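Let me begin by presenting the structure, written as structure tokens, before commenting on it.
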Amino acid sequence: MGIAERYLRERTRVDEACVRFGRDPHQVRLLAVSKTVDVEGARAAYGAGARAFGENRPDELIRKAEALPDASWHFIGNIQSRRIKDIVAHADLIHSLYQEKHARKISDEAAALDKVQDVLIEVNVSGEASKSGVAPDAAAELVRAVASLPHLRARGLMTMAPQGDPHVARACFDELAALHGDIKSQLSAEQAQAFDQISAGMSEDWEEAIAAGSTIVRIGRAIFNEEFA
Ligand SMILES: *Cc1c(COP(=O)(O)O)cnc(C)c1O
């Protein structure tokens with residue numbers, strides 16, 4: 001099975017899961033995480049209908065976004081200060097913001113490009129040392145700081161669940177969704193309206209994420225890796 005077929009299979013599975021869990025399929029975006037393939041791989045998924053892609057390295061983001069400018073490109077990787085300018089120039093949505101100093105720099109770079117940058121706050125729900133993100137009890141404060149910056153728009157929260165156990169993943173996503181609702185209720189009406197995204201779920205656990213309320217599932221291997229069942 002090639003990339004196009006694999007993309008279509010995942011899109012169908014996601015749509016079916018939405019129906020199963022009482023979710024509107026139009027409210028769940030499938031982000032094709034193309035970080036392991038070259039431009040041609042991304043193009044194959046694009047040909048099958050993929051319109052939103054995720055990259056975790058600035059150089060790959062630039063290369064692929066320039067090759068496929070009609071798609072929406074998202075940055076999902078570790079943010080380094082010196083690459084923020086490049087990220088802001090190419091990303092419609094940044095999923096992985098968790099430091100206030102980066103928020104200020106993103107806002108400055110966005111101002112220079114006359115753009116408002118959409119961002120998600122990455123939360124380390126599981127508390128694993130290997131994972132990035134702000135602690136759940138510090139997330140509200142960071143969202144408020146982000147929302148107060150003129151060229152940033154806080155769009156929601158993102159997390160990565162521990163791997164291996166679907167029940168653990170589900171609990172992690174439920175916690176993220178509860179935190180999202182909590183923070184949203186503390187924002188102004190205008191800020192709350194924009195704060196409508198939950199980025200959760202990857203190849204092995206997107207079904208649990210959709211059940212928990214995710215609005216963006218980030219799927220890499222299930223689309224781009226032949227070895228993935
Ligand atoms: C690589 C990556 C994904 C995709 O993971 P798969 O298991 O390949 O689906 C999703 N989110 C982030 C942040 C990633 O780095």
Side-chain angles (χ1 to χ4, degrees), residues 1-14 17 28-38 41-42 44-45 48 50-61 63-65 71-80 83 87 90-99 102 118-134 139 155-166 168-170 172-173 176-177 180 197-229:
M1 214 191 291
I3 289 170
E5 288 83 3
R6 298 180 73 91
Y7 170 77
L8 289 170
R9 183 182 66 168
E10 290 305 295
R11 184 68 247 185
T12 303
R13 285 177 172 171
V14 166
V28 179
R29 252 187 300 178
L30 197 177
L31 188 71
V33 177
S34 49
K35 66 188 184 191
T36 58
V37 295
D38 57 16
R51 289 296 177 269
F53 292 86
E55 286 289 332
N56 67 344
R57 288 165 184 272
D59 288 337
E60 283 296 300
L61 173 73
R63 208 155 67 89
K64 294 191 186 117
S72 179
W73 290 88
H74 295 197
F75 188 75
I76 62 172
N78 184 43
I79 297 172
Q80 292 176 293
R83 301 312 305 270
I87 296 168
H90 292 89
D92 289 331
L93 180 63
I94 298 172
H95 290 231
S96 42
L97 175 63
Y98 64 93
Q99 295 189 73
H102 289 159
D118 281 342
V119 299
L120 304 177
I121 304 305
E122 181 171 0
V123 185
N124 187 354
V125 175
S126 70
E128 289 175 292
S130 61
K131 293 213 159 46
S132 309
V134 67
R155 297 300 309 270
L157 303 179
M158 180 274 231
T159 203
M160 291 172 84
Q163 291 193 299
D165 183 340
V168 172
R170 176 66 196 266
C172 174
F173 298 143
L176 185 76
H180 177 266
Q197 301 294 314
I198 297 176
S199 170
M202 318 198 324
S203 290
E204 283 172 14
D205 56 19
W206 58 257
E207 201 168 338
E208 284 74 23
I210 289 175
S214 172
T215 65
I216 307 177
V217 290
R218 310 179 308 268
I219 302 183
R221 286 172 297 154
I223 297 170
F224 295 105
N225 185 342
E226 305 267 331
E227 313 289 305
F228 195 89

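Atoms within a ligand are numbered from 1 in the order they appear, just like the ligands themselves. These numbers come from a predicted model, not from an experiment.
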- Tell me, which protein residue and heavy-atom name are nearest atom 5 (O) of ligand 1, and how many Å apart are they? Met202 CE, 3.6 Å
- ligand 1-proximal atoms of Ile76, by part, heavy-atom distance under 4.0 Å: both
- Task: Answer yes when Asp38 and Arg63 have at least one side-chain N-carboxylate O distance shorter than 4.0 Å, and no when they do not.
- Result: no
- Check whether any N or O atom of Gly220, backbone or side chain, sits under 3.5 Å from an N or O atom of ligand 1, and answer yes or no. yes
- Is ligand 1 less than 4.0 angstrom away from at least one heavy atom of Lys35? yes
- Task: Give the atoms of ligand 1, by number and element, whose distance to some non-hydrogen atom of Ile219 is under 4.0 Å.
- Result: 9 (O)
- Query: Side-chain contact, heavy-atom cut-off 4.5 Å: Pro166 with Val168?
  - Reply: no
- Item | Identity and separation of the nearest protein heavy atom to atom 11 (N) of ligand 1 | Arg218 NE, 2.8 Å
- Sub-4.0 Å atoms of ligand 1 with respect to non-hydrogen atoms of Ser203: 6 (P), 7 (O), 8 (O), 9 (O)
- Side-chain heavy atoms of Arg13 within contact of Glu207, under 4.5 Å: no
- Any side-chain donor-acceptor pair under 3.5 Å between Thr215 and Gln197? yes
- Message: Could you check whether any side-chain heavy atom of Glu204 comes within less than 4.5 Å of a side-chain heavy atom of Arg221, counting everything from C-beta outward?
- Response: yes
- Taking the side chain as every heavy atom from C-beta outward, state whether His95 and Ile216 have any pair of such atoms under 4.5 Å apart. yes
- Those atoms of ligand 1 less than 4.0 Å from some heavy atom in Arg221: 6 (P), 7 (O), 8 (O), 9 (O)
